[in-house]
Amino acid sequence: MGKNGKLLNLNSDSPKYGNKSLVTKEQENELKRRKITFSFSYFKQIPNFQIGECSKGWHIGLLERLGALGTMTPQEVLEENRGSIALRCHPIDWSAKNIPIQRKDLDWLPKEILDNETDFPIMQFSITKSTGRIVGYFDRDSSIFHIVLLDPEHNIQPAKKTNYQIQPTTKGLSL
């Protein structure tokens, strides 16, 4: 909250302080044209979301998907689905059958992110249909996607094809 009780709103289409826009129309248009970038600041390996036994092909698929997403704006991905339904981009359904974690378990995220599901929904992108998911959230300016988990076994929302069972993972270690 700003001086005189005015709300500072950074999550609307145009950032505002009270009723006054914080950005010019040109700056607002530039934000909408900005391509997605990725941050690993909040990435963590936790049980069921580890990458130790992933193949070289999986890592290449991850890098290629990040590269492809980096050519798109958030609007193209989230609204226009330019990347096709193959992106499988959607918020996590925390009530899905056999989901092994809940949002509150992501306790390494900043409290203002963790406690604000409305403005910061945890989302997923597919790497490929058979090679897992990238899990994270879009930052306040909507062009930075913070990768929180990598999910090579589709454990974030177990599927019918695995009888909704969680697939084991092994922690990856750097040498």
Side-chain angles (χ1 to χ4, degrees), residues 11 34-74 76-78 81-175:
N11 295 315
R34 217 179 262 175
K35 306 294 185 198
I36 298 172
T37 58
F38 297 93
S39 167
F40 283 86
S41 297
Y42 299 111
F43 170 72
K44 192 170 184 178
Q45 291 186 80
I46 61 172
N48 303 314
F49 301 94
Q50 300 165 320
I51 58 173
E53 294 183 4
C54 294
S55 69
K56 288 179 186 177
W58 182 88
H59 289 280
I60 291 167
L62 169 66
L63 294 172
E64 287 176 344
R65 177 59 85 194
L66 293 175
L69 289 167
T71 67
M72 298 182 227
T73 66
E76 289 171 329
V77 171
L78 299 172
N81 206 16
R82 189 184 101 186
S84 83
I85 61 169
L87 282 177
R88 293 174 188 79
C89 178
H90 60 81
I92 300 302
D93 177 2
W94 297 107
S95 63
K97 185 175 182 173
N98 288 352
I99 189 167
I101 62 170
Q102 291 299 306
R103 184 182 175 98
K104 67 179 173 28
D105 297 326
L106 305 174
D107 57 4
W108 62 93
L109 296 179
K111 187 170 175 41
E112 63 270 13
I113 303 297
L114 190 61
D115 294 346
N116 189 346
E117 189 168 358
T118 302
D119 292 335
F120 302 102
I122 303 297
M123 313 273 301
Q124 72 169 22
F125 292 105
S126 72
I127 295 172
T128 68
K129 185 175 181 179
S130 63
T131 56
R133 304 286 183 259
I134 301 164
V135 179
Y137 67 93
F138 279 102
D139 205 334
R140 288 193 193 316
D141 81 356
S142 297
S143 67
I144 301 170
F145 188 80
H146 291 275
I147 296 172
V148 176
L149 299 169
L150 293 173
D151 182 16
E153 298 294 338
H154 302 266
N155 286 336
I156 194 71
Q157 290 191 228
K160 186 176 182 178
K161 75 177 186 178
T162 61
N163 199 25
Y164 301 99
Q165 298 302 305
I166 303 304
Q167 304 303 308
T169 61
T170 302
K171 188 170 186 171
L173 303 171
S174 62
L175 301 175

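Along the sequence shown, the residues carry numbers beginning at 1.
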Nearest heavy-atom pair of [X] and [Y]: which atoms, and what distance?
X    : Y    : value
S143 : R34  : OG-CD, 3.3 Å
N116 : R103 : O-NH2, 3.5 Å
Q45  : G52  : OE1-N, 4.3 Å
L62  : I127 : N-CG2, 3.6 Å
K35  : G70  : CB-O, 3.3 Å
Q167 : Q165 : NE2-O, 3.3 Å

Check whether any side-chain heavy atom of [X] sits under 4.5 Å from a side-chain heavy atom of [Y], and report yes or no.
X    : Y    : result
M123 : C89  : yes
L149 : L106 : yes
F145 : I134 : yes

Using the six-membered ring wherever Trp is involved, compare the ring planes of Y137 and H146 and label them parallel, tilted or perpendicular (cut-offs 30° and 60°). parallel
Rounded to the nearest 0.5 Å, how far apart are [atom1] of [X] and [atom2] of [Y]?
X    : Y    : atom1 : atom2 : result
D105 : F49  : CG    : CZ    : 9.5 Å
I46  : I101 : CD1   : CD1   : 4.5 Å
D107 : K44  : CG    : NZ    : 6.0 Å
R133 : Q157 : CZ    : CD    : 9.0 Å
I156 : L150 : CD1   : CG    : 11.0 Å
F38  : L69  : CZ    : CG    : 4.5 Å

Side chains of T169 and E153 only: does a donor on one sit below 3.5 Å from an acceptor on the other?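 No, no side-chain donor-acceptor contact under 3.5 Å.
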Return yes if some donor-acceptor pair links the side-chain N/O of N155 with the main-chain N/O of N48 below 3.5 Å, else return no.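 Side chain of N155 to backbone of N48, a donor-acceptor pair under 3.5 Å: yes, one is there.
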Output yes when a side-chain donor or acceptor of R88 lies under 3.5 Å from a complementary backbone atom of Q124, and no otherwise.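 A pair under 3.5 Å: no.
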More than 12 heavy atoms from other groups under 6.0 Å of CD on E53: no
